[in-house]
Each structure stands twice: as structure tokens, then as C-alpha cells.
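Chain A is the first sequence line, chain B the second, and so forth, proteins listed ahead of strands; every chain is numbered from 1.
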Number of protein chains: 2
Amino acid sequence: MSTSDGRTGPDWRATLRARGLRLTPQRELVLDAVRTLGHATPDQVLAQVQRTATGVNASTVYRTLDLLEKLDLVRHTHLGHGAPTYHFGGSADHFHTVCRDCGTVTEVPTAIARTFAEQLITDQAFQTDMGHLTVFGRCSNCAAHPS
Amino acid sequence: MSTSDGRTGPDWRATLRARGLRLTPQRELVLDAVRTLGHATPDQVLAQVQRTATGVNASTVYRTLDLLEKLDLVRHTHLGHGAPTYHFGGSADHFHTVCRDCGTVTEVPTAIARTFAEQLITDQAFQTDMGHLTVFGRCSNCAAHPS
DNA sequence: CTTACTGCAAATATTTTGCATTTGG
DNA sequence: CCAAATGCAAAATATTTGCAGTAAG
């Protein structure tokens, strides 16, 4: 495989090498899993990884997710409850909406929230970290068919 | 507030009674703690409760917070990491900003986010639950004095 | 009295950590 | 070869649950 295998993107190898870090199969597997799943908790990443390769350890997944996040290859947000949710860092700038009824997670381009962010700066002197924003509520589907 | 005791508000006793639930000292303690602390994890609520009375059990705090939330006497949001944060249900409508550097939590009136919410409905057909909104970023203080 | 509620301890679940072993470069 | 990374198992956390005893109404 060249510098790009079409799955995890072109430059993650370079990003690792640049810092003297090692390219291990586990790291590639975790990165692939995050990308495949879109949004996933460490648990789900582990499950996905183990679908491909056997014996990858949970602690490796935790450690790897931390590492990849430091390198900006993945990001995480808190989509309710306990477990943080990781997603691919390469994806376009977006925040998340989470439906409290069906749990569906949707990516929304940050452009929509631009005015909101500006207002927070003006009124509250608070600089919003858009990529980390999560909006809870109800999706159209669940609003239409109340449980 | 008529029946009020000035701490936990006027009608929590009535709210409990209306459902055939019992008024226990533990429940009052937990409600008081949430109100005193403003924003607190179950752990912090437990600590605060135990400052007043000894021997209140952690599981009682968990169970009580769940119960009080069902009754809309408290609310919770996810302010990062693992533990949910509870706050008093009676407080005015607001959402939270959390500084990722110093961890400071600020309450912001939902009015500011009104346009944002409307845009989410128009563009995404998503009904925002404002009380549950948490915005991560950097407060003015930390932006001014970068660590 | 009746049964909702609490305390306690054990069961779960989740994430972290120390250390010996493996392995990428 | 050597430091970095992994696996493993134990530890640290956080939350839930079953059950017997306590107490609110």
C-alpha cells in the first residue's frame, strides 16, 4: 500500500512517523474501525476491531484512541450517558444532534451554528469549540410519531 | 412561594405527595444539596449530603436523583467526561458553557440560542432540548491567559 | 399496619495501570 | 538492538441491583 490505502486516509502514517511513533497493525485497525463506524464508543470500536483481527486488547483500544486524538486523527464528543463517542478526525467540520427518543446521531455542518457562536462571543466572551458541540433533542421522525 | 421553606422551593412536597411518594429526610437532603451546589455530579451531591447528615448511602443518592428528575425537580446534563451533572429544576431556562481549560461551568439564558434552535428546526427538522444543551469551548479568562 | 424507601453488600460495567513480553524501525 | 507498544491481569471507578430491615403515612 502506498501512502494512501483509501480507507484511513493518506497521511496518518506520516503523522505518526513525524512524532517518532510506530505504525502498528492495532493502530490501523482502530483508525479503520472509527472510520467505518462513523460514531462509536470504545466498546463498539473494540467489537469492530475484533471482527477483523482476534485478540486485540481493550486497553490497547483505549490507549490508541487517546493517542489518535492527540494527533487529531480522531475526535470525541459526549453523546449522553457515560461513554464518549469517537469519530474520524478527517471528516468535515460538524457538530452532532442526538435524538433523545431513538438515539440517532446526525452530523450537522458547523455553518448553521455560526451566528450562535458569534453571539456567545459577544455576549459571554466564550469561544465555542464547534467540533465538540452536541445538541440533544428530538429528530423529525420521533416528533412525528411520539412514543 | 407560599408553602416554601426558602431552600428547596414551594411545592416539592406536594409533587411527591401527588404521586403517593414519601417525603424522606434523604430526599430533602439531596434536593437541598443539588440546589446548594448549583451543578454537581452524584459524587459531589453525596459529599454535600454527608456534610449535613451522616450515613446517607450512595445508592440512595443515585436513586433519589433519578426520582427527582422524573418529577422535574432536578435536571441533568453531560458536562464532559463520565459523570452526569445535576442542577435544580426550578432555575430559569438556561444551557451551559464549559471551559475546556479551567472547567468553569456557566449558565446562559436560552434566549441567546433561540435563532440557532429555529435554524435547526428549519434546516434539520430537529427540535432542540435547550435545557440539555452543553457548549464546550474556552472562557474569556483562559483565552486571555493561555496555559 | 402496609409497603415505599433505605442501607448494605455484592454484582456490573467501564476505564486505568503496572509489568513482562513482543515488535517496529 | 532498543525503545515503543501490546497483552494481560489486577486495580480503581462508577453505577446498579437484590434483599432484609426501617420508617412514612
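Classified by interplanar angle (parallel below 30°, tilted 30° to 60°, perpendicular above 60°), the ring pair A/His39/A/His94 is perpendicular. Between B/Phe116 and A/Phe116, the ring-plane angle classifies as parallel under the 30° and 60° cut-offs.
Of the two residues contacting DNA chain D, namely A/Thr24 and B/Asp66, the nearest-nucleotide position lying further toward the 5' end is that of A/Thr24. Each of A/Leu21 and A/Ser59 lies near DNA chain D, and the nucleotide nearest A/Leu21 is the one positioned closer to the 5' end.
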Donor-acceptor pairs are to be reported for all side-chain atoms of residues 58-67 of chain A against protein atoms at under 3.5 Å, with residues two or more places apart or in another chain.
residue	atom	partner	partner atom	Å
A/Ser59	OG	A/Asn57	OD1	2.6
A/Thr64	OG1	A/Thr60	O	2.6

Please lay out, stage by stage, how B/His76 and B/His132 fare under the test ring pair (Phe, Tyr, Trp, His ring centres under 6.0 Å).
-> CA-CA 7 Å; B/His76 88 274; B/His132 212 285; 5.2 Å; yes

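Under the salt bridge (Lys or Arg N to Asp or Glu O under 4.0 Å) criterion, A/Arg100 pairs with B/Asp129, not counting sequence neighbours.
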Could I get a table of every N or O pair under 3.5 Å where one atom is in the protein and the other is in nucleotides 21-23 of chain D?
none

Distances for protein N/O vs nucleotides 10-15 of chain D N/O pairs under 3.5 angstrom?
residue	atom	partner	partner atom	Å
D/dT15	OP2	B/Tyr62	OH	2.6
D/dT15	O5'	B/Tyr62	OH	3.4

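Atom CZ in B/Arg63 sits about 11 Å away from atom C1' in D/dC19, given to the nearest Å. Rounding to whole angstrom units, CZ of residue B/Arg27 and C1' of D/dA24 are separated by 10 Å. Between B/Leu16 atom CG and D/dA24 atom C1' the separation is 12 Å, expressed in whole Å. The separation between B/Leu68 atom CG and C/dT6 atom P is 10 Å, rounded to whole Å.
Taking every heavy atom of residues 46-57 of chain B and every atom of DNA chain C, pairs under 4.0 Å involve B/Gly55, B/Val56, B/Asn57, by number.
Here C/dG7 is the nucleotide among D/dA5, C/dG7, D/dG25 with the atom lying nearest to any side-chain atom of B/Thr60.
Contact between the side-chain N/O atoms of A/Gln26 and the OP1/OP2 oxygens of C/dT23 is not found at any separation under 4.0 Å.
The closest side-chain heavy-atom distance from A/Trp12 to A/Leu23 is below 4.5 Å.
Of all the heavy atoms in B/Ala117 and B/Met130, the pair that sits closest is CB-CE, 3.4 Å.
For the helix from C/dC1-D/dG25 to C/dG25-D/dC1, the terminal axes (five pairs an end, C1' atoms, rotation from four pairs onto the next four) enclose an angle of 30°, given to 10 degrees.
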